[in-house]
Amino acid sequence: MSLKDVDIEKIVPENELEEEILADIKAGVTTEVITRCPPEPSGYWYIGHVKAWTINFETAKKFGGKTYLRMDDSNPSKEDGEYAGSYMADLEWLGFKPEKLIYASEAYFDAIYEIAEKMIKNGDAYVCDLSAEEVSKTRGTLTEPGTNSPYRNRTPEENLQLFRDMKAGKFADGSRTLRAKIDMAHPNINMRDPVMYKIARLHHYRVGDKWCIWPQYDFVHPMEDCLEGTTYSLCDKGFQDHRLVYEWFVKHGWGKTPAPKQREFSRLVIENILSGKRYLKQLVASGVVSGWDDPRFPTLVGIRRRGYTAKAVKDFVRSVGWGSTIEVTVPLSALEHYVREDLNKIATRAMVVLDPLKVVITNYEGAEEIEIDNNPNDENAGKHKALFSKEIYIEKEDFSLNPPPKYNRLTLGGIVRLKGAYIIRCNNVVYDKNGEIDHLECEYIEGTKSGQDNSGIKCKGTIHFVSLENSFEVTVREFKNLIKSEYKSPSKALADGVPISELLEPNSLVEKKAFAENFLKNAKVEDKFQFMRKGYYCVDKDSTENNLIFNSTISLKDSWSPNK
RNA sequence: AGGGGUGUAGCCAAGCGGUAAGGCACACGACUUUGACUCGUGCAUGCGUAGGUUCGAAUCCUGCCACCCCUGCCA
């Protein structure tokens with residue numbers, strides 16, 4: 001796939017970047033669109049990352065280009081090898097295929113070092129002996145210019161020797177830095193002689209102890225983009241202030257064309273979702289959740305286990321758009337809409353009774369087959385067999401002795417349709433010793449079987465059920481959002497000093513038993529179902545042969561309320 | 001001697017001089033053997049604000065106002 005494989009004339013730009021790319025292509029500035037997916041390998045991805053990756057991968061794809069997965073691993077103190085594998089798996093799940101997996105530390109550090117030497121020779125960089133504290137102090141403030149480092153005017157020869165000595169390990173950690181010689185009085189603080197290399201004897205998860213000097217983001221990122229051939233470096237607006245430095249390094253460190261362009265999109269924030277590596281880590285460490293892939297977690301492995309689909313998340317992200325402010329906050333319901341939308345199309349329907357109430361059909365003996373559509377919205381989905389028999393279970397909430405207005409479920413003396421089977425009438429309520437309802441005695445009405453009903457009886461309600469002979473016990477895990485609904489912005493609450501324990505919804509995981517139709521016995525991990533009239537569920541990886549576990553992905557919408 | 005951004009509905013968002021798309025949410029209807037889905041209807045005389053240019057302005061000009069981000073040897 002390359003630019004030649006797409007018809008430029010037919011591409012309809014959907015945002016300013018795409019308009020710019022189109023113009024670049026037409027002007028001959030761009031001959032190939034290359035983007036990159038540059039995670040710092042220091043944690044699992046969460047929903048927010050999907051926006052960045054969707055933009056980078058889909059923009060490239062739209063123009064017949066490609067995207068590299070590049071570990072932005074220039075800070076050994078925060079990174080380790082645990083994550084690259086998870087990124088590959090996440091990307092595969094999302095349906096994005098990187099051109100190649102690259103470890104910047106291995107692939108580019110030598111070349112980047114050479115660039116640094118070249119810049120020293122050109123007088124664009126110098127070795128500075130100021131301590132971190134002194135650098136900070138001489139940087140000036142938001143409104144005042146900084147002052148030049150006393151080491152700023154060393155000769156290129158002296159700088160080169162010093163830099164080589166830095167690399168050779170002749171100086172103590174933190175004692176010197178290589179700095180870009182830009183402008184200490186620049187109104188943009190990022191331009192005030194940013195640090196290019198620091199000295200730190202750290203073991204790197206990829207390159208081991210090869211280096212004791214490490215390139216810093218403002219320098220290393222544009223150089224990696226250049227070395228890789230990236231044409232559009234798409235990042236979030238947190239880096240907008242850095243665009244100037246980015247361009248400066250591209251010019252002074254690289255100096256060739258075509259030069260990569262940095263463009264920025266809004267960060268995506270979802271209400272009531274806790275993000276922030278350190279907080280998530282804390283919850284994992286303290287055992288509040290079962291791990292990084294806990295179904296209540298916003299990590300990709302978490303939402304995947306929960307039952308969210310990649311399509312849903314991508315549709316959601318696309319619906320939010322490119323964004324104009326640094327951060328865009330949308331309600332959780334917006335995400336959930338796309339989850340339901342996709343699941344409605346793909347989830348197989350099944351009947352599962354979560355809170356059983358026994359019903360005996362007094363005028364019926366034996367059992368008979370009934371058919372259930374696997375998906376009424378998809379005629380190709382087929383049907384599956386279930387059973388109607390003398391003893392069945394219905395949902396407790398589907399029977400009421402004191403029905404509210406418009407309650408069109410089962411009442412004493414009332415009728416209701418059993419999904420796929422007959423209309424039944426409740427004639428009697430049988431109580432146990434404690435005065436609790438033990439079971440219901442109902443009669444089925446002949447001639448009302450689903451699909452062949454010629455009785456003319458009008459029945460307002462239809463409820464789901466399972467028959468005793470056709471059911472087995474499963475485990476269902478119901479979730480509440482991890483964060484209490486009143487904390488729309490958990491990170492802000494945390495910043496305001498609210499303890500994390502206060503943010504957490506108590507009992508966000510409730511495990512219970514349920515009766516599922518036998519059809520579900522063959523369900524495999526990650527299979528997705530709609531438990532009719534309840535919600536969407538998927539098989540959890542904790543399932544064993546004798547114990548199927550279903551995670552509640554999301555409930556069905558429920559517009560019914562008794563008072564309407 | 002600060003710099004960089006952004007203001008269109010409750011939340012996102014299109015719009016690029018020709019009379020305010022779309023989605024979410026919400027409300028009300030219709031349909032329904034899932035109170036789901038689907039469908040219909042409603043939801044900004046208004047685009048931060050004050051002026052100006054124009055036959056015509058969310059779009060162009062000027063002034064003002066508000067909010068967000070930036071002073072790591074993190075990315």
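Chain letters run A, B, ... following the sequence lines, proteins first, then strands; residues in each count from 1. Note that the coordinates shown come from a computational prediction; the quantities given were computed from them, not determined experimentally.
The side chain of A:Glu40 has B:rA75 as its nearest neighbour among B:rC73, B:rU34, B:rA75. Here the side chain of A:Lys419 is nearest to one of B:rC16, B:rU33, B:rC68, namely B:rU33. The side chain of A:Arg417 has B:rU33 as its nearest neighbour among B:rC11, B:rG35, B:rU33. Comparing B:rG35, B:rG2, B:rC74 by their nearest atom to the side chain of A:Ile189 picks out B:rG2. Each of B:rC24, B:rG2, B:rU6 was ranked by its minimum atom distance to the side chain of A:Ser333; first place goes to B:rC24. Looking at the side chain of A:His242, the nearest of the listed nucleotides B:rC73, B:rC70, B:rA75 is B:rA75. Comparing B:rG4, B:rC11, B:rA75 by their closest approach to the side chain of A:Asp241 singles out B:rG4. Of the candidate nucleotides B:rG7, B:rA36, B:rU33, B:rA36 has the atom lying nearest to any side-chain atom of A:Asn377. Distances were taken from every side-chain heavy atom of A:Leu142 (C-beta onward) to each of B:rU71, B:rG35, B:rU34; the shortest belongs to B:rU71. Of the candidate nucleotides B:rC73, B:rA75, B:rG5, B:rG5 has the atom nearest to the side chain of A:Gln240.
Between the base of B:rU34 and the side chain of A:Gln530 there is a donor-acceptor pair shorter than 3.5 Å. For A:Thr462 against B:rU34, no side-chain N or O and base N or O form a donor-acceptor pair under 3.5 Å. Looking at A:Arg192, its side chain has no donor and acceptor atom pair within 3.5 Å of the base of B:rU71. No N or O donor and acceptor, one from the side chain of A:Arg243 and one from the base of B:rG4, sit under 3.5 Å apart.
Phosphate contact (OP1/OP2 of B:rC24, side-chain N/O of A:His337, threshold under 4.0 Å): present. Taking 4.0 angstrom as the limit, A:Thr325 places none of its side-chain polar atoms (N or O) nearer than this to OP1 or OP2 of B:rG7. Checking the phosphate oxygens (OP1, OP2) of B:rG72, a side-chain nitrogen or oxygen of A:Ser136 falls inside 4.0 Å. Between A:Arg340 and B:rC24, a side-chain N or O to OP1/OP2 separation shorter than 4.0 Å is absent. Contact annotation: A:Arg533 side-chain N/O to B:rG35 OP1/OP2 distance is under 4.0 Å. Put simply, A:Lys198 has a side-chain N or O that comes within less than 4.0 Å of OP1 or OP2 on B:rC74. Taking side-chain N and O atoms only, A:Lys458 has no distance below 4.0 Å to OP1 or OP2 of B:rU32. Note on A:Thr141: every side-chain N or O is 4.0 Å or more away from OP1 and OP2 of B:rG2.
Contacts with RNA chain B (heavy atom under 4.0 Å) in residues 41-52 of chain A: none are found.
A:Glu16 places its CD atom 8 Å from the P atom of B:rG15, with the value rounded to the nearest Å. Residue A:Phe239 contributes atom CZ, which lies 15 Å from atom C1' of B:rG4 at whole-angstrom precision. Rounding to whole angstrom units, NE2 of residue A:His186 and P of B:rG2 are separated by 14 Å. Taking atom CG on A:Asn408 and atom P on B:rU33, their separation rounds to 12 Å, with Å as the unit. Atom CG of A:Asp558 is separated from atom P of B:rU32 by 20 Å (rounded to the nearest Å).
For the 3.5 Å distance criterion, the side chains of A:Ser136 and A:Glu133 fail to qualify, holding no donor opposite an acceptor. Inspection of the A:His464 and A:Arg349 side chains reveals no N or O donor paired with an N or O acceptor under 3.5 Å.
Among the heavy atoms of the strands, none lies under 4.0 Å from A:Phe316. Across all strands shown, A:Lys78 has heavy atoms under 4.0 Å from base atoms, whether or not it also approaches the sugar-phosphate. Across all strands, A:Gly321 comes closer than 4.0 Å to no nucleic acid atom at all (heavy-atom distances). Using a 4.0 Å heavy-atom cutoff across all strands shown, A:Leu178 reaches no nucleic acid atom at all. At the heavy-atom level, A:Lys449 lies under 4.0 Å from base atoms of the strands shown.
Separating the C1' atom of B:rA25 from that of B:rG10 is a span of 8 Å, rounded to the nearest Å.
Taking the six-membered ring where the residue is Trp, A:Tyr422 and A:Tyr444 present perpendicular rings, their angle passing 60° and hence far from 30°. Aromatic ring pairs are classed by plane angle as parallel below 30°, tilted from 30° to 60° and perpendicular above 60°; the pair A:Tyr46 and A:His49 is perpendicular.
Between A:Glu517 and A:Lys385 no salt bridge is recorded (no basic side-chain N to carboxylate O distance below 4.0 Å). With respect to A:Arg70 and A:Glu224, a salt bridge is recorded, a charged nitrogen being found less than 4.0 Å from a carboxylate O.
In secondary-structure terms, RNA chain B builds stems of at least 3 consecutive Watson-Crick or G-U pairs, each pair having both distances under 3.5 Å, at B:2-7 with B:65-70, B:10-12 with B:22-24, B:26-30 with B:38-42, B:48-52 with B:60-64.
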